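Report on one structure; see the data block that follows.
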Amino acid sequence: SVCPRRLPGMDGRLAPQLFTGELSPAPTSFRLTEKFILLLVFSAFITLCFGAIFFLPDSSKLLSGVFFHSSAVETNTRTGPDGGDSGSAGNDERVLAKIRKDHEKALLEAKDTLQKRPDEIKQDILNDKEKVAVDSAGQGGKQVNNLPFVEYHRPPGATGHEPLDPETRDRRTKVREMMKHAWDSYRRFAWGSNELRPVSKQGHSSNLFGSIKGATIVDALDTLYIMEMFEEFDVATEWVEKNLDFNVNAEVSVFEVNIRFVGGLLSAYYLSGKEVFRRKAVELGEKLLPAFKTPTGIPWALLNLKSGIGRNWPWASGGSSILAEYGTLHLEFMHLSKLSGNPEFAQKVMNIRKVLNRLDKPQGLYPNYLNPNSGQWGQHHVSVGGLGDSFYEYLLKAWLMSDKTDEEGKKMYYDALQAIETNLMRKSSNGLTYIAEWKGGLLEHKMGHLTCFAGGMIALGADGAPSDKTGHQMEQAAEIARTCHESYARTALKLGPEAFRFDGGVEAIATRQNEKYFILRPEVIETYMYMWRFTHDPKYREWGWEAVQALEQHCKVEGGYSGIRDVYASTPNHDDVQQSFYLAETLKYLYLLFSDDDHLPFDHWVFNTEAHPLPVIRKDKTDRPNEVE
């Protein structure tokens, strides 16, 4: 509030002029009778004026309109046409009281604002704008997207502070510089496209996203925020607001669009509080719901967002849905129900569990293929890598994200892990633990790069295991981390192959040409990050730094970062794709590896399979977990 300046020595009123000495009689002084007549005339004039003000129709409104124009209008608006007039004295008191109250409120707001960072002030302004927009839409009889009001609370650890150790601080800064190079290159050469071709310096769009654009932008939002690259985050937010469009007549991968777009938008909302991300996430979630229109409720892999017609991959075991795809919707859909007030999202993913629980599991294992029409397993292929991986991850994380109230998810995870240990985990002749693949009862002694996430998953779940198994599971996690590090160390470029084998006299080495490529995948670094958090063994940071040096030496090009066709060749042959998950996952996990534990702490956040952090959903004591009305 602005206070009018006063001249020195004034108290807000006109001070009477002071004289010293005697007054001399005025030459034109009035006689007594003249004074009496003048006084009479003056009195009549005053009476006439005040009579006009107080006794003419609507005179009190005229008075208040002259002296207290804005406040009178405000009072009339609040009280309505039937509000009685309690007299000018009462009005004056109310007006003065309101002025004092507004003044005090303005001082408090000013003090509070001065203590905020510039980006927080900007966010407050944007939130106010959003609220006005929602209120305006609400007055028209309908809120935007029919979304209920949600009071936003940012969970702890959205941003961190610099590590005290100088070497760790420098390494963390280096990872941030890598993110800046990847982002700036994308923005310069491929802005709005799904991904970047860093060698040819142009956009690249995978058919996984149909004609939805901007996968890299949405995938990178939370990484930009976590790394405090707020200018870049604001540019990305503006693009989402103006250009992210889901009204497309195109077929998309339900799984990929969910983990990258829905997950990315949800994380951006929970980190920043910007309402646009909640609206977009729910809008896209609603467009994915027709995928569940199957006889069993097991969703299709592919969906046309306009027609709502779905189908499965033609190569997938007689038209089956894939375990890692229909099993990797749970985290995002539970949050969609929370933010939209629509229980249908949660109902869809809880129904998937019902179908699975009715089925017999061969050796306690979950085959990769399930027919959505018959509700029966397809081929009995089992993998903790591609086609299966994130299903197991989401069982554990559903329990953790539910504030450890989802007992069904917990039981399904630990039962599955026991079956994996019994049937798939093996140790090589030189002592490397690996997770093989199971095909109709026969083991294929191959482990994929994707399977390397399991070290981090097992470490994350070890604390919740029965007490006699916690130490054993941490040992398993450490052994898998070591095996995956060996798969990197045994290549020419010190970057891991897509898959590596333990047969024919080789260990942790790719033997087939179509398994020797590296596409900037995050799973090995993800496991290093989890192992560091749980053990603080410095070797995990050293292994992560080895990966940073290899990425800088072999994958960095002038136009970004590229994958490599053969990690065993002495010189890199670039594949000319900067994957969106490189910004979403690989660089985020590296940054967190060199950050303190209170940056995105595990007791408040759970990462989706694309490394998008989602907050733990706290349950009130009155809530009944996992019951969706």
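Fair warning: this is a prediction, and the values are worked out from it, not measured in the lab. Just the heavy atoms: all of them, side chains too, but no hydrogens, waters or symmetry mates, feed the values below.
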[Y] backbone acceptor or donor facing [X] side chain under 3.5 Å:
X	Y	answer
Lys494	Ala489	yes
Ser383	Gly388	no
Trp313	Ser320	no
Thr294	Asn373	no
Lys588	Ala611	yes
Thr216	Asn194	yes
Ser317	Tyr369	no
Gln579	Ile519	no
Ser337	Asn342	yes
Asp575	Gly563	yes

Enclosure of Asp463 CG (heavy-atom neighbours >12, cutoff 6.0 Å): no
Would one find more than 12 heavy atoms of other residues, nucleotides or ligands at under 6.0 Å from atom NZ of Lys361? yes
Less than 4.0 angstrom from a charged side-chain N to a carboxylate O is my criterion; do [X] and [Y] meet it?
X	Y	value
Arg482	Glu486	no
Glu498	Arg521	yes
Arg171	Glu542	yes

With rounding to the nearest 0.5 Å, note down the distance linking CD1 in Ile259 to CD in Glu325. 9.0 Å
Approximate separation, where rounding is to 0.5 Å, of Tyr326 OH and Leu370 CG: 4.0 Å
Cation-pi between Arg533 and Phe602: NZ/CZ under 6.0 Å from ring centre and within 45° of the ring axis? yes
Looking only at the aromatic ring of each residue, does the gap between the centers of Phe209 and Phe261 stay below 6.0 angstrom? yes
Ring centroid separation for Phe345 and Phe333, is it under 6.0 angstrom? yes
Can you list the steps and then say if Glu437 with Thr451 is a side-chain hydrogen bond (donor to acceptor under 3.5 Å, both in side chains)? CA-CA 10 Å; Glu437 299 193 356; Thr451 318; 5.0 Å; no
How about Glu393 and Thr328: does a side-chain donor come under 3.5 Å of a side-chain acceptor? no
Go through it in stages, so that I can follow the logic: the residues are His612 and Asp222, the test is side-chain hydrogen bond (donor to acceptor under 3.5 Å, both in side chains), and I'd like the CA-CA distance, side-chain angles, deciding distance and then a yes or no. CA-CA 7 Å; His612 295 308; Asp222 53 7; 2.6 Å; yes
Step by step, would you call Glu610 with Ser580 a side-chain contact (heavy atoms from CB on, under 4.5 Å)? CA-CA 10 Å; Glu610 189 79 3; Ser580 79; 4.2 Å; yes
Test applied, salt bridge (Lys or Arg N to Asp or Glu O under 4.0 Å); reference residue, Asp403; option that passes from Lys619, Arg618, Lys410: Arg618
Let's go through Ile480 and Thr527 carefully: what are the C-alpha distance in whole Å and the side-chain angles of both, what is the deciding distance for side-chain contact (heavy atoms from CB on, under 4.5 Å) to 0.1 Å, and is it a yes or a no? CA-CA 9 Å; Ile480 291 167; Thr527 281; 5.6 Å; no
May I have the step-by-step check of salt bridge (charged side-chain N to carboxylate O under 4.0 Å, His left out) for Glu444 and Arg501, ending in yes or no? CA-CA 9 Å; Glu444 185 178 13; Arg501 295 184 177 263; 3.2 Å; yes
Do the rings of [X] and [Y] sit parallel, tilted or perpendicular, given the 30° and 60° boundaries?
X	Y	result
Phe518	His449	tilted
Phe502	Phe500	perpendicular
Trp543	Tyr540	perpendicular

Trp545/Val548 under side-chain contact (heavy atoms from CB on, under 4.5 Å): CA gap, chis, key distance, verdict: CA-CA 5 Å; Trp545 186 243; Val548 166; 3.6 Å; yes
Candidate list Leu495, Thr491, Asn573, test side chain to side chain contact (heavy atoms under 4.5 Å, CB included), partner Ile564, passing option: Leu495
Could you walk me through whether Lys348 and Glu344 satisfy the salt bridge (charged side-chain N to carboxylate O under 4.0 Å, His left out) test, starting with their C-alpha distance in whole Å, then the side-chain angles of each, then the deciding distance to 0.1 Å, before giving a yes or no? CA-CA 6 Å; Lys348 297 297 188 192; Glu344 189 177 359; 3.7 Å; yes
Please list all pairs passing the disulfide bond (SG atoms under 2.5 Å apart) test where one or both residues lie in residues 388-499, with sequence neighbours left out. Cys452-Cys484
So Met412 and Tyr366, do their side chains get closer than 4.5 Å, heavy atoms only? yes
Verify side-chain hydrogen bond (donor to acceptor under 3.5 Å, both in side chains) between Asp576 and His204, making sure each step is shown before the conclusion. CA-CA 9 Å; Asp576 197 18; His204 164 67; over 6 Å; no
Does the pair Phe246 and Glu283 meet the rule for a side-chain contact (heavy atoms from CB on, under 4.5 Å), with working shown? CA-CA 8 Å; Phe246 306 127; Glu283 179 192 347; 3.9 Å; yes
For the pair Glu523 and Tyr589, evaluate side-chain hydrogen bond (donor to acceptor under 3.5 Å, both in side chains) and give the outcome as yes or no after the intermediate values. CA-CA 9 Å; Glu523 290 79 21; Tyr589 285 136; over 6 Å; no
